[in-house]
Protein chains: 2
Amino acid sequence: MSKCEQCIVRKFNSLKELTKDELIRITACKTSRIIKKGDVIFKEGDHLNGIFCIKEGICKVSKMSENGRNQIINLIHRGNIIGERSLISDEISNLTAVALSDMDVCFIPKEEIIKDLEKNPGFTLDVLKTMATSLKTADNLIVNMAQKSVKQRLAETLLHLEGKFKTNNKGAIDIHLSREDIANIIGTATESAIRLLSELKKKKIITFMGKDIAILDKQELEKIAQGF
Amino acid sequence: MSKCEQCIVRKFNSLKELTKDELIRITACKTSRIIKKGDVIFKEGDHLNGIFCIKEGICKVSKMSENGRNQIINLIHRGNIIGERSLISDEISNLTAVALSDMDVCFIPKEEIIKDLEKNPGFTLDVLKTMATSLKTADNLIVNMAQKSVKQRLAETLLHLEGKFKTNNKGAIDIHLSREDIANIIGTATESAIRLLSELKKKKIITFMGKDIAILDKQELEKIAQGF
DNA sequence: TCGAAAAACTGATATATATCATATTTTAAA
DNA sequence: TTTAAAATATGATATATATCAGTTTTTCGA
């Protein structure tokens, strides 16, 4: 069992605010889990009973609309925590998390986190700051979804993905998403996403490298994202 | 100058967690403001330097998209607090707040709230819980905006408005919004909103009462909201 | 390595929604 | 009260996007 006190991943999230003693307590009760690509970490309606700290890998966080269409709300990677919103509200999960790659995560039981929230104001404040940032991001997404065209949202998504996941040694965006996933991020039909990607490829703004996508003309993509 | 200790409005927000002493301190430094319908309370890019506690009236909280279209993110009324997200992130405001009616609000300076956040864990935890709820609401809105048709969103908005603002003595939804405001809530062109409202009126699902709207057939509206 | 299933792709068509134009009604200011 | 401006309404049309149908390519398990 790896020790939280020595885990570098906590530096990237609110757990960095915990004291050594608190971390030792967490180490004692947390469980490590290996999650296979495609596995469901949790789904809408689940009682979570804790939070997940992502040590390695990527997952998508999504929600079903009443129409039966799936909307990806966020992509989560190393260092992030998921499940904390439901924990704080003391509710069943409103979201579904599915692994996009093999993952290495730690599960920390609810009671331990609540103990820290009640006893360590620095931790609580950091969780609050993180949530404030999430809320700002969500507000931006609402505006984009409501006001921008699918083409704009696709361009923006590609730029955002490159910024977040960087490029691999071949210059391609370092995350593999299916066409359906991309469609579910921008909120459109899979066919529409495919068509618009093909169009961008034809215009040499992007290119496909095996399963990945590389941005060739960032400037042009930024223009499209802004509606030109 | 009214006293926070005696103010009933605080019972509806996180300020309820403050101690008597803390409230007395807030009373000493807060300022009351009368805001006229149509006035801007704050706008995107403003340094807020505090939060606003709404004692009376309603305001819309919105954000401009890069396209130059305005998206209303939330409607805020008596008991709610605005400006706390920017305060916690220590950022300029990402949103604009405009009064939809004459308002009576209290402005509480940033330093005082920060003091309480640092010293009163119950207060911080309540702010955190409120923000967790806001985040859930925002996530739902993302999904609706991305996956539902304008017609669905209009129906849902009308139902939501009735639930939130109740009906007046004539049975109309007790908030007055311009057609443009309604369009900016559902994220569509004003003409489209008008057309769809007319359609609902023609079908006797809603009716117009002067400036207000009344829901005549809630069941049917719920069906439309669900995509039928 | 084969074959079935899944994913990616393309075309044709329908439909929802935006846009532009213009008319009518309401509001508010002079 | 009159009048200009704003809000509401409606029609015509263009366009973006969804949907349905079918093909090709890729993936992966037996």
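Every chain is numbered from 1 and lettered A, B, ... according to where its sequence line falls, protein lines coming before strand lines.
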Lys/Arg N to Asp/Glu carboxylate O, A/Lys204 vs A/Glu220, below 4.0 Å = no

Output field dot_bracket for DNA chain D (Watson-Crick or G-U, both distances under 3.5 Å, | for other-strand pairs) contains ||||||||||||||||||||||||||||||

Pairwise side-chain contact, A/Asn49 with A/Pro109, heavy-atom cut-off 4.5 Å (strictly under) = no

For DNA chain C, determine which residues of residues 184-220 of chain B have any heavy atom closer than 4.0 angstrom to one of its atoms, and list them numerically.
-> B/Thr188, B/Ala189, B/Glu191, B/Ser192, B/Arg195, B/Lys211

A/Glu156/A/Arg153 salt bridge by N-O under 4.0 Å criterion | no

Any ion pair linking A/Arg195 and A/Glu199 (charged N to carboxylate O, less than 4.0 Å)?
-> no

Below 4.5 Å, heavy atoms only, C-beta onward: do A/Val9 and A/Cys53 meet side chain to side chain?
-> yes

Cationic tip of A/Arg33 within the cone over A/Phe42's six-membered ring, i.e. under 6.0 Å and within 45° of the normal?
-> no

Find out whether B/Lys36 and B/Asp39 are in side-chain contact, i.e. whether some heavy atom of one side chain is under 4.5 Å from a heavy atom of the other.
-> yes

Does A/Arg85 come within less than 4.0 Å of A/Glu91, counting only side-chain N to carboxylate O?
-> yes

So where does chain B start and stop touching DNA chain C, 5' to 3', when the test is distance under 4.0 Å to a non-hydrogen atom?
-> C/dT17 to C/dT27

In whole Å, what is the span from the CD atom of B/Glu180 to the C1' atom of D/dA5?
-> 14 Å

Does A/Phe165 have any ring-ring contact (aromatic ring centres under 6.0 Å, His included) partners at least two apart in sequence or in another chain, and if so, which?
-> A/His77

So do the side chains of B/Val61 and A/Asp139 get within less than 4.5 Å of each other, counting heavy atoms only?
-> no

Pairs satisfying side chain to side chain donor-acceptor pair (under 3.5 Å), at least one member in residues 95-108 of chain A, at least two apart = none

What parts of residues 138-160 of chain A reach DNA chain D, counting only heavy atoms under 4.0 Å away?
-> A/Ser149, A/Val150, A/Lys151

Enclosure of A/Lys110 NZ (heavy-atom neighbours >12, cutoff 6.0 Å) | yes

